[in-house]
Amino acid sequence: MKRYIRANSINISDLHIGDVVQVKGNPKNPFNDDWCYEGIIEDMKDGWWKIRDEDGYEHQLVRTRYGDPIFTLIDKDIKLPGKLFKHTFFGDGEHHSKQEIIDFLRNTDKPIKYTYGLGYRNPTTHNKPITLQEALDIVDKEYSMLDVDERPKYVHLNAYSENDMW
């Protein structure tokens, strides 16, 4: 049996880290876009929760004045993926050498996808499936401005141009 809990009436004792929940946007929220996902509560503080779904994505849920989300405790086993490979050329993220990226790509059995440019700008090359050899060539040519993001079902290479950085 499912137990529905309104976020604005949640007592800290009602939900715990490790609980598996389904979270939906409240229909009364004027900014609601009918989102819904299932995941494990990884962290909780007063007014917000961090939930990780089966694909390994982290969702931060914040209590707002526009209609709180609806939590449902569910009886389901969710298996989270282990630590996924991640490389970024910019900022404080994880940095790997070119050889480490090449070794990772040679040892993965996941399909590889490629994007050139910023995804939200609708680049001409977006999530294109590529071969291992094409991926190795991209790493060799684009390493200085390349992100590598292992996802549960595939590996995503994202190269950028100087124009993308402005």
Side-chain angles (χ1 to χ4, degrees), residues 2 15-25 29 31-44 48-62 69-166:
K2 293 184 177 184
L15 290 176
H16 305 296
I17 292 174
D19 282 348
V20 178
V21 294
Q22 179 188 65
V23 186
K24 295 195 235 190
N29 184 344
F31 302 104
N32 182 30
D33 56 1
D34 295 329
W35 55 269
C36 178
Y37 53 85
E38 295 177 350
I40 296 175
I41 298 175
E42 285 193 333
D43 197 5
M44 301 172 21
W48 72 269
W49 298 265
K50 182 168 76 171
I51 298 171
R52 187 165 307 272
D53 66 21
E54 285 181 292
D55 291 330
Y57 295 110
E58 179 182 295
H59 304 274
Q60 289 197 2
L61 192 64
V62 180
I70 298 172
F71 284 83
T72 307
L73 289 173
I74 58 175
D75 184 20
K76 178 179 179 181
D77 287 332
I78 291 183
K79 186 172 186 175
L80 296 177
K83 184 168 168 51
L84 301 174
F85 185 89
K86 195 170 200 71
H87 163 80
T88 183
F89 75 94
F90 184 76
D92 295 333
E94 295 181 44
H95 301 285
H96 296 276
S97 70
K98 190 185 288 190
Q99 189 58 49
E100 288 174 320
I101 295 170
I102 289 170
D103 291 343
F104 165 73
L105 290 173
R106 284 189 175 140
N107 292 323
T108 188
D109 57 350
K110 295 180 181 180
I112 303 170
K113 294 184 180 183
Y114 174 64
T115 298
Y116 184 76
L118 297 168
Y120 70 89
R121 290 188 182 170
N122 297 323
T124 54
T125 305
H126 185 64
N127 286 337
K128 175 186 172 196
I130 59 173
T131 65
L132 174 60
Q133 188 56 50
E134 289 171 320
L136 297 175
D137 292 342
I138 289 167
V139 170
D140 192 46
K141 287 188 270 184
E142 307 286 347
Y143 174 74
S144 63
M145 296 184 86
L146 179 71
D147 287 344
V148 180
D149 188 15
E150 180 186 15
R151 297 184 181 166
K153 297 181 180 157
Y154 64 94
V155 175
H156 186 246
L157 301 181
N158 199 161
Y160 304 94
S161 72
E162 292 288 332
N163 290 336
D164 292 325
M165 298 300 113
W166 291 102

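Basis for what follows: all heavy atoms, side chains included, without hydrogens, waters or symmetry-related copies.
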Answer whether the closest heavy-atom distance between the side chains of [X] and [Y] falls below 4.5 Å.
X: Lys86; Y: Thr88; answer: no
X: Glu134; Y: Tyr114; answer: no
X: Val23; Y: His59; answer: no
X: Cys36; Y: Gln22; answer: yes

Non-hydrogen atoms of [X] and [Y] that approach each other most closely:
X: Ile74; Y: Glu38; result: CD1-CD, 3.7 Å
X: Asn158; Y: Gly117; result: ND2-O, 2.9 Å
X: Ser161; Y: Tyr116; result: CB-OH, 3.2 Å
X: Ala135; Y: Leu105; result: CB-CD1, 4.1 Å

Measure the spacing between [atom1] of [X] and [atom2] of [Y] and express it to the nearest 0.5 Å.
X: Gln133; Y: Ile138; atom1: CD; atom2: CD1; answer: 10.5 Å
X: Tyr160; Y: Phe90; atom1: OH; atom2: CZ; answer: 11.0 Å
X: Ile130; Y: Leu157; atom1: CD1; atom2: CG; answer: 5.0 Å
X: Ile40; Y: Ile17; atom1: CD1; atom2: CD1; answer: 12.0 Å
X: Arg52; Y: Ile41; atom1: CZ; atom2: CD1; answer: 13.5 Å

Parallel, tilted or perpendicular: rings of His156 and Tyr154 (30°, 60°): perpendicular
His95 and His87 aromatic ring geometry - parallel, tilted or perpendicular at 30°/60° bounds: perpendicular
Residues forming a salt bridge (Lys or Arg N to Asp or Glu O under 4.0 Å) with Lys98, sequence neighbours excluded: Asp140
Pairs meeting criterion side chain to side chain donor-acceptor pair (under 3.5 Å) with involvement of residues 102-112, two or more places apart: Gln99-Asp103, Lys110-Glu150
Worked verdict on His96 versus Phe85 for ring-ring contact (aromatic ring centres under 6.0 Å, His included): CA-CA 10 Å; His96 296 276; Phe85 185 89; 4.4 Å; yes
Whether Asn127 side chain and Thr115 backbone form a donor-acceptor pair below 3.5 Å: no
